[in-house]
Asks: 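Starting off with a structure, shown below.
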Amino acid sequence: PPAAFTLAASGYGQGTLCGALGVASVCIGMVTDQDTSKQLVRELFNWYKGAEFPIYQPEMELVHTVAETTLCDDSVGNYMTAEGVEYGDIKRKSRCAGVSADVVRKTIEILNEHFA
């Protein structure tokens, strides 16, 4: 159930793995075998480290930054420094929502390519 993934917010409450990546990894693992799951998750994580986020920006124009890591604190920290905002700012919240959408889109692309 979707409520099972609420713990992923804020890097699992500790600023560790980006919650969008954790949820996407679980979803990949639910539809692939173990070896394939590892390969596809690795592909997703490598993409994440080099992507200019947020790609999807529905509410306002936001500064693009590259995470260079899969860690929430580093990814969002790079953004907050570049944008000059604090954690509770609406721009930071919009940025994380956009990143979540970007991760979902990329996960679907990876799975579609795999199952094509």
Asks: Give the minimum heavy-atom separation between E83 and V63, together with the two atoms involved.
Replies: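 Taking every non-hydrogen atom into account, OE1-N, 3.1 Å.
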Asks: Locate the shortest heavy-atom distance separating A20 from V103; write the atom from each residue and the value.
Replies: O-CG1, 3.6 Å
Asks: Using modelled atom types and a 3.5 Å cut-off, is there a donor and acceptor pairing between side-chain atoms of Q57 and backbone atoms of L62?
Replies: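 Answer holds: yes.
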Asks: Grab the two heavy atoms, one from V66 and one from K49, that are nearest each other, plus how far apart they are.
Replies: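 Shortest heavy-atom separation between V66 and K49 comes out as CG1-O, 3.2 Å.
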Asks: With a 4.5 Å cut-off on side-chain heavy-atom distances among I, L, V, M, F, W and Y, is there a chain of contacts connecting L17 to W47?
Replies: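 Yes, it is one cluster - the side chains of L17 and W47 are joined through contacts under 4.5 Å.
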Asks: Using the rule that two of Ile, Leu, Val, Met, Phe, Trp, Tyr join whenever any of their side-chain heavy atoms come within less than 4.5 Å, decide whether Y79 and I90 are in one cluster.
Replies: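 Looking at the clustering, I90 is in the same group as Y79.
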Asks: Looking at Y48 and F53, what are the two nearest heavy atoms and their distance?
Replies: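 Closest pair (atom of Y48, atom of F53, distance): O-CE1, 3.4 Å.
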Asks: Identify the heavy atoms of M80 and E86 that sit nearest to each other, and give their distance.
Replies: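 Heavy atoms of M80 and E86 come nearest at SD-C, 3.8 Å.
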Asks: Please check this pair: side chain of T81 against backbone of N78, looking for a donor-acceptor N/O pair closer than 3.5 Å.
Replies: no
Asks: Transitively linked via ILVMFWY side-chain contacts under 4.5 Å: V99 with V41?
Replies: yes
Asks: Specify the closest pair of heavy atoms between R92 and Y87, including all atoms of both residues, with the distance to one decimal.
Replies: NE-O, 2.7 Å
Asks: Kindly check if the number of other-residue, nucleotide or ligand heavy atoms within 6.0 Å of CE (M60) is above 12?
Replies: yes
Asks: With a 6.0 Å cut-off (strictly less than), is the heavy-atom count around CD of E52, excluding the residue itself, greater than 12?
Replies: no
Asks: I'd like to know whether CZ of F45 has more than 12 heavy-atom contacts from other residues, nucleotides or ligands below 6.0 angstrom.
Replies: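 Yes, CZ of F45 has more than 12 neighbouring heavy atoms, counting only those of other groups under 6.0 Å.
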Asks: Treating D102 as the side-chain partner and P54 as the backbone partner, does any N or O pair qualify as donor plus acceptor under 3.5 Å?
Replies: no
Asks: Under 4.5 Å between side-chain heavy atoms, counting indirect links through other Ile/Leu/Val/Met/Phe/Trp/Tyr residues: same cluster for V31 and I28 or not?
Replies: yes
Asks: Run L111 and T32 through side-chain contact (heavy atoms from CB on, under 4.5 Å) and show every step you take.
Replies: CA-CA 9 Å; L111 287 170; T32 61; 4.2 Å; yes
